[in-house]
S.K.: 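For reference, the structure I am asking about is given below.
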Amino acid sequence: MKREEVDRNKLSPGMKQYMEIKDSYLEELLFYRLGDFYELFFEDGIIASRELELTLTGKNGGLEERIPMCGVPYHSVKPYIEKLIDKGYKVAICEQLEDPKKAKGMVKRGVVQVISKGTVIDFDMLDEHNNNYIASILDFKTKYIVTYGDISTGGLSIVEVDKNRDRLLSVLLNFNIREVIFSDDSEKELIDILRNNHGIDFSISYDYLDNGYENVYKDITDIKYITGIKHLFYYLAIKQLKDLSLIDKVNVVRLDDFLEMDIHTVRNLEIVETLRLKERTYSLLWLMDKTKTAGGSRLLKNYLMSPLKDRDTINKRYDMIDKLREQFLIKEELLQLLDEVYDLERLCGKVYGGNLNARDVLQIKNSLKVFPFIKDKIKELGFEYELVDESALYELLEEAIYENPPITLNEGYLIKDGYNSELDQLKEIRSGGKEVIASLEEQERERTGIKNLKVGYNKVFGYYIEISKGQVGLVKEEYGYERRQTLANAERFVSPLLKEKEALVLNAEEKIVELEYSLFCEIKDLIKKEVFNLKANASTINELDVLVSLATIADEYSLVRPELLEERRIEIVDGRHPVVERVSKVEYVANSCMMDEADNTLLITGPNMSGKSTYMRQLAIIIIMAQMGSFVPCKSCKLPIFDKIFTRIGASDDLVSGESTFMVEMMEAKNAISNATANSLILFDELGRGTATYDGMSLAQAILEYVNNKIKCKTLFSTHYHELTDLANNNEGIKNIHVEAIEKDGKVTFLHKVKDGAVDKSYGIHVARLAGMPNDLLNRAQEVLDRYEKMAKDKSGEELSEQVAFNFDTNNDSKVLKRLEDIDPLNITPMEAINILYELKELSKE
Ligand code: ADP
Ligand code: MG
């Protein structure tokens with residue numbers, strides 16, 4: 001049965017109400033509150049029953065057929081919503097807006113919020129280590145404007161991205177954006193990639209917020225940015241009914257301020273997750289994260305994903321780490337204090353967005369408790385951070401909030417004794433009434449002479465007098481007992497006196513619950529008033545936490561402070577790959593990396609498994625750590641500041657997009673070549689491996705020459721084509737190094753030691769021996785190899801070096817370009833255009 005096709009005139013009034021509400025939420029699964037259940041009808045019900053493995057039932061709605069229906073109890077709805085959102089659905093929650101008992105006619109209902117991947121706010125559904133961003137993407141012809149916010153923390157940022165799909169994808173993935181909103185459906189292909197390959201949800205929203213939240217962009221002049229904010233805010237505020245008051249400003253991010261790493265680099269270097277298992281464990285982030293707070297952990301990730309380029313800012317971070325290491329006692333105390341701080345940022349998010357409960361308020365209180373001590377430590381360290389004084393709020397919460405409150409707000413037990421005199425009086429009445437009732441048992445026993453008479457309580461009947469079957473005969477009319485319930489071996493009664501006392505207790509109880517709730521709401525409003533201060537303090541604490549974490553790993557992993565050079569020179573003494581060093585079972589062999597200004601390329605040879613890839617990754621990781629403001633794993637480190645890092649490492653086939661290794665390889669290489677500058681770092685690991693030998697080797701050589709002679713950036717180039725090592729003789733800037741292995745009795749031992757010069761053996765056959773290949777086979781391979789080597793020697797070695805001299809900056813190129821540059825297309829006649837075309841053709845022949 002299709003919802004669309006139903007004859008609405010036939011529907012029962014209840015289902016008519018449903019239909020009207022559902023009309024506004026066609027994209028979402030509508031969770032429709034009916035009493036103690038959320039029900040889903042029609043197609044929603046069918047989807048939910050399939051995805052959640054729930055029984056599909058039916059409801060009589062006035063039609064001949066029953067309407068498909070599926071429901072979940074309201075008190076355990078969370079995991080169901082979580083599962084649906086995880087699967088990429090959006091959920092609209094429709095509540096009863098008035099108390100059914102008090103409603104005249106149909107209970108008023110309405111959608112109170114919409115939840116999707118990017119707008120989850122419930123702690124249970126959020127990953128504490130990650131920001132949860134939702135982004136609007138607007139296409140401004142030459143740029144994308146990406147406006148992204150985390151409504152769980154009230155953070156909002158804007159970034160301009162070149163009109164280049166790879167760039168955009170890198171930004172979305174690196175910033176952990178979970179959901180995107182486009183303003184039209186022109187980006188179908190991109191949307192497919194986002195959804196299918198990266199699990200990012202999307203929506204299309206045509207509207208922009210007219211007014212409201214102006215304070216967010218009051219300091220912004222660029223109309224593109226304001227448009228971005230209005231686009232995002234319309235979706236959040238109007239479509240999803242979110243309160244965005246916690247967002248008080250927008251942070252404009254300039255990609256140019258940060259070391260650029262594309263997605264391949266982030267993935268290849270295993271910065272936030274491992275390549276194969278896609279897990280945080282054994283990633284660089286995992287190794288570095290010694291933060292104590294959730295907010296600190298999220299900020300550390302942001303630091304790591306956005307290494308800096310500004311020398312002063314980086315040095316400032318180093319200085320603070322130095323200070324924390326010097327003052328290690330203060331650092332230890334800070335660690336303990338930070339441990340007491342809860343996820344303040346997201347608690348602030350709950351104040352506006354979610355159902356802040358008394359336990360959340362306790363978490364706020366307990367966090368506030370340590371603020372003054374943290375403040376002292378900041379002062380002792382001489383750091384520039386400020387914490388806003390929150391002692392008044394702390395005192396208030398300390399006085400008000402009961403220490404062991406329930407999760408819900410409608411059962412009382414939220415407010416401490418002594419906070420409110422009216423509440424205290426009501427509590428007295430309640431306990432007085434209870435005492436009276438308790439003493440009633442004794443009184444009634446005496447009055448009736450029934451020895452085993454009992455006074456009890458249950459939820460359905462309230463207080464009752466229970467008399468066993470054997471004694472029931474003793475009940476006399478004059479006692480005024482009224483029979484209420486018959487059990488197998490007892491009867492339950494009520495009496496006027498009992499009812500009277502019960503009313504007293506229940507009345508007080510009801511009033512208590514109401515009063516406690518309203519007092520709690522008042523307290524929540526007080527927190528609301530302080531929320532921007534809290535948010536500011538939270539962000540200070542996050543920064544502090546990250547610094548303490550960086551100082552901690554500096555100690556724990558023996559890291560050193562890098563020196564940032566003006567000139568393009570690398571001098572890393574005894575560098576280590578921090579993760580391999582921790583995780584590997586064998587002793588890690590430290591390796592230096594020395595590159596003078598004039599050295600552009602290190603050409604790395606060495607047998608398989610000797611440690612080439614590790615050596616290359618090690619350099620990139622040291623650079624990233626240094627530029628994020630961390631100390632680095634080595635004995636000493638001098639580095640220039642890099643602007644971009646590109647990597648093409650290993651055979652990480654892009655299985656999802658189904659491209660072959662070689663294609664992926666060439667695309668990544670192209671990306672590096674077309675975007676690198678002299679200040680970039682490129683890692684090319686065994687380039688050309690994915691194709692036939694000569695093909696691969698020729699391409700590898702051409703790429704190597706191009707990068708070394710034309711881009712002149714620092715490049716590490718590992719290869720198994722030993723022929724390439726000759727290039728060092730004919731090209732300035734290329735240096736051979738190799739990773740040492742020794743061969744003894746036909747066996748290879750890997751020393752993992754990097755040395756100058758080239759090796760001439762690939763040891764492939766020895767690795768095959770290690771792998772346990774049959775001896776006959778290995779001998780045959782040796783024979784074949786010997787023959788190939790002989791053939792190669794017989795051919796003239798001239799061929800290679802001839803190509804070596806190839807110069808990419810030919811004059812012709814530049815003449816043509818020069819001529820092209822001079823053309824002003826708007827001011828030439830068609831005839832002139834033809835002439836210029838001939839001229840260009842001639843130039844190109846030269
Ligand atoms: P290659 O790229 O030359 O094939 P890898 O870099 O993949 O070699 O390293 C091969 C193995 O050697 C890995 O298991 C790695 O953990 C280990 N390894 C690499 N470098 C070192 C080192 N410097 N010290 C200790 N073990 C290392
Ligand atoms: Mg390798």
Side-chain angles (χ1 to χ4, degrees), residues 264-265 267-271 274-277 281-284 286-287 557-559 572-594 602-622 632-635 637 646-653 661-662 664-665 668-669 682-691 696-697 700 704 715-722 724-725 736-743 747-771:
H264 310 301
T265 301
R267 223 188 309 165
N268 286 334
L269 296 175
E270 308 193 305
I271 305 257
T274 52
L275 261 174
R276 274 214 266 154
L277 297 177
T281 314
Y282 300 140
S283 68
L284 180 61
W286 163 80
L287 187 86
Y557 305 150
S558 313
L559 311 181
I572 295 172
V573 177
D574 287 348
R576 296 159 351 242
H577 185 304
V579 181
V580 175
E581 177 189 28
R582 290 280 125 189
V583 172
S584 152
K585 289 183 192 76
V586 297
E587 180 93 3
Y588 193 84
V589 179
N591 280 304
S592 301
C593 180
M594 302 289 176
L602 293 183
L603 188 58
I604 310 166
T605 44
N608 255 327
M609 292 296 288
S610 60
K612 299 183 295 299
S613 302
T614 308
Y615 180 71
M616 299 172 82
R617 285 198 175 103
Q618 172 182 312
L619 174 65
I621 284 174
I622 287 177
V632 294
C634 57
K635 277 228 177 85
C637 170
F646 299 94
T647 60
R648 166 57 221 172
I649 288 189
S652 64
D653 266 29
T661 315
F662 187 60
V664 174
E665 199 173 359
E668 290 183 19
I682 296 183
L683 307 183
F684 278 146
D685 195 359
E686 313 240 4
L687 204 68
R689 199 182 197 176
T691 187
M697 191 171 82
L704 175 55
T715 303
L716 299 194
F717 199 107
S718 77
T719 185
H720 57 287
Y721 301 120
H722 297 95
L724 293 186
T725 53
N736 279 320
I737 58 173
H738 69 279
V739 193
E740 204 181 19
I742 47 171
E743 193 188 345
K747 278 197 184 143
V748 181
T749 310
F750 300 114
L751 300 178
H752 304 304
K753 194 74 201 166
V754 175
K755 299 216 159 152
D756 286 344
V759 289
D760 56 356
K761 277 195 168 174
S762 81
Y763 296 89
I765 293 172
H766 299 293
V767 174
R769 175 164 292 136
L770 283 182

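Values below: all heavy atoms of this structure, side chains included; hydrogens, waters and symmetry mates excluded. Just so you know, ligand 1 is whichever comes first in the structure, and atom 1 is the first atom listed for that ligand. Quantities reported herein were computed from a predicted structural model and do not represent experimental measurements. If you read the sequence from its start, that first residue is 1, and numbering goes on from there.
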S.K.: Where is the nearest protein heavy atom to atom 10 (C) of ligand 1: which residue, which atom, and how far?
M.R.: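 Residue, atom and distance for the closest contact: Met609 O, 3.5 Å.
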S.K.: For atom 21 (C) of ligand 1, what is the nearest protein heavy atom, given as residue, atom name and distance?
M.R.: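 Atom 21 (C) of ligand 1 sits closest to the protein heavy atom His752 CG, 3.5 Å.
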S.K.: Charged N to carboxylate O below 4.0 Å: is that the case for Glu686 and Lys612?
M.R.: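 So Glu686 pairs with Lys612 through a salt bridge.
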S.K.: Over all heavy atoms of both residues, which pair between Phe750 and Ala741 is shortest? Give the atoms and the distance, please.
M.R.: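 Closest heavy-atom pair between Phe750 and Ala741: CD2-CB, 4.1 Å.
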S.K.: Does atom 13 (C) of ligand 1 have a protein heavy-atom neighbour under 4.0 Å away?
M.R.: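 Under 4.0 Å from atom 13 (C) of ligand 1, zero protein heavy atoms found.
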S.K.: Would you call the rings of Tyr282 and Trp286 parallel, tilted or perpendicular, where under 30° means parallel and over 60° means perpendicular?
M.R.: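 Rings of Tyr282 and Trp286: perpendicular, over 60°.
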S.K.: With a cut-off of 2.8 Å, does Ser613 place any N/O/S atom under that distance from the Mg ion (ligand 2)?
M.R.: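 Yes, Ser613 qualifies, because one of its backbone or side-chain N, O or S atoms lies under 2.8 Å.
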S.K.: Is the contact between Glu587 and ligand 1 made by the side chain, the backbone, both, or neither, using heavy atoms and a 4.0 Å cut-off?
M.R.: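 Just the backbone.
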S.K.: Do the side-chain N and O atoms of Asn268 and Thr647 include a donor-acceptor pair separated by under 3.5 angstrom?
M.R.: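 The answer is yes; a qualifying pair exists.
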S.K.: So for Ser610, does at least one of its heavy atoms come nearer than 4.0 angstrom to any atom of ligand 1?
M.R.: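 Contact check Ser610 vs ligand 1: positive.
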S.K.: Where is the nearest protein heavy atom to atom 8 (O) of ligand 1: which residue, which atom, and how far?
M.R.: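 So the nearest neighbour among protein heavy atoms is Gly611 N, 3.0 Å.
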S.K.: Measure the distance from atom 15 (C) of ligand 1 to every protein heavy atom, then report the residue, atom name and distance (to 0.1 Å) of the closest one.
M.R.: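 Looking at atom 15 (C) of ligand 1, the protein heavy atom closest to it is Thr614 OG1, 4.1 Å.
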S.K.: At a non-hydrogen distance cut-off of under 4.0 Å, which region of Val589 contacts ligand 1 (side chain, backbone, both, or neither)?
M.R.: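 Within the 4.0 Å criterion, Val589 contacts ligand 1 through backbone and side-chain atoms alike.
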S.K.: Heavy atoms only, cut-off 4.0 Å: how does Ser613 contact ligand 1, side chain, backbone, both, or neither?
M.R.: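 Both the backbone and the side chain of Ser613 come within reach of ligand 1.
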S.K.: So is Ala590 close enough to ligand 1, meaning a heavy atom under 4.0 angstrom away?
M.R.: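 No heavy atom of Ala590 comes that close to ligand 1.
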S.K.: So which bit of Ser718 gets within less than 4.0 Å of ligand 1, heavy atoms only: side chain, backbone, both or neither?
M.R.: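 Answer for Ser718: neither.
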S.K.: Among Leu603, Leu716, Ile604, Thr725, which residue satisfies the side chain to side chain contact (heavy atoms under 4.5 Å, CB included) criterion with Ile737?
M.R.: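 With Ile737 as partner, Leu603, Leu716, Ile604, Thr725 yield a single side chain to side chain contact (heavy atoms under 4.5 Å, CB included), made by Ile604.
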